[in-house]
Amino acid sequence: VYVENGVSETTIAYDQLLIATGTAPHIPHNLALPDGVACIPFHTLGHAQIIEKYAYQQSRITIVGAGINGVELAAALLHHGTKITLVEQA
């Protein structure tokens, strides 16, 4: 596995690799968002394509979930110059 954190780069060898990214996204039914604010789940390729079209037009994005997918998405958007708020349940 190749790891890059912006300061250093390294390669980590492994015998077996398991990538567990979670289950279906949970969006609360009573989620109230202001007009013009979108809530896009991130679970499928289709979701990723929607996020790609939408996210790069935004200056600030909040990502709920700091699992591997949320962190990778945050890193990609930060690299593009988007300001990110990353929220994780304690």
Side-chain angles (χ1 to χ4, degrees):
V1 176
Y2 175 76
V3 179
E4 178 182 308
N5 66 10
V7 176
S8 63
E9 302 170 3
T10 188
T11 301
I12 302 170
Y14 60 89
D15 294 326
Q16 296 180 351
L17 177 64
L18 170 66
I19 300 175
T21 60
T23 61
H26 172 73
I27 301 173
H29 298 290
N30 60 350
L31 183 64
L33 297 172
D35 288 342
V37 175
C39 180
I40 305 168
F42 185 36
H43 188 67
T44 67
L45 177 59
H47 294 152
Q49 291 167 335
I50 292 168
I51 290 168
E52 181 179 34
K53 289 179 184 177
Y54 178 81
Y56 290 141
Q57 301 170 10
Q58 309 304 312
S59 61
R60 297 188 63 82
I61 292 181
T62 299
I63 299 171
V64 178
I68 190 160
N69 288 341
V71 171
E72 286 291 330
L73 179 59
L77 293 171
L78 278 170
H79 182 72
H80 186 70
T82 307
K83 295 179 181 170
I84 301 296
T85 301
L86 186 58
V87 180
E88 178 63 7
Q89 181 178 357

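The shown structure was predicted, so the numbers you read here are calculated from the model rather than taken from an experiment.
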>> Assess the residue pair Ile61 and Leu73 against the criterion (side chain to side chain contact (heavy atoms under 4.5 Å, CB included)); give the C-alpha distance rounded to whole Å, side-chain angles, the decisive distance to 0.1 Å, and a yes or no.
In response: CA-CA 11 Å; Ile61 292 181; Leu73 179 59; over 6 Å; no
> To the nearest 0.5 Å, what is the distance between CD (Glu9) and OG1 (Thr11)?
Replying inline: 8.5 Å
> Applying the 4.5 Å side-chain criterion to the ILVMFWY set and letting contacts propagate, would Val64 and Leu77 be lumped into a single cluster?
Replying inline: no
> Of all heavy-atom pairs between Ala66 and Val71, which one has the smallest distance, and what is that distance?
Replying inline: O-CG2, 3.5 Å
> How close do Phe42 and Asn69 get, heavy atom to heavy atom, and via which atoms?
Replying inline: CE2-O, 3.6 Å
>> What's the separation between atom CG in Leu45 and atom CD in Glu52, rounded to the nearest 0.5 Å?
In response: 9.5 Å
>> How long is the straight-line distance from NE2 of His79 back to CD1 of Ile84, given to the nearest 0.5 Å?
In response: 13.0 Å
> Same hydrophobic cluster for Leu78 and Ile68, using side-chain heavy-atom links shorter than 4.5 Å among ILVMFWY?
Replying inline: no
>> To check you understand the geometry: which heavy-atom pair defines the closest contact between Lys53 and Gln57, and what is its length?
In response: O-NE2, 3.0 Å
> What's the spacing between Gln58 CD and Thr82 OG1 if we round to 0.5 Å?
Replying inline: 8.5 Å
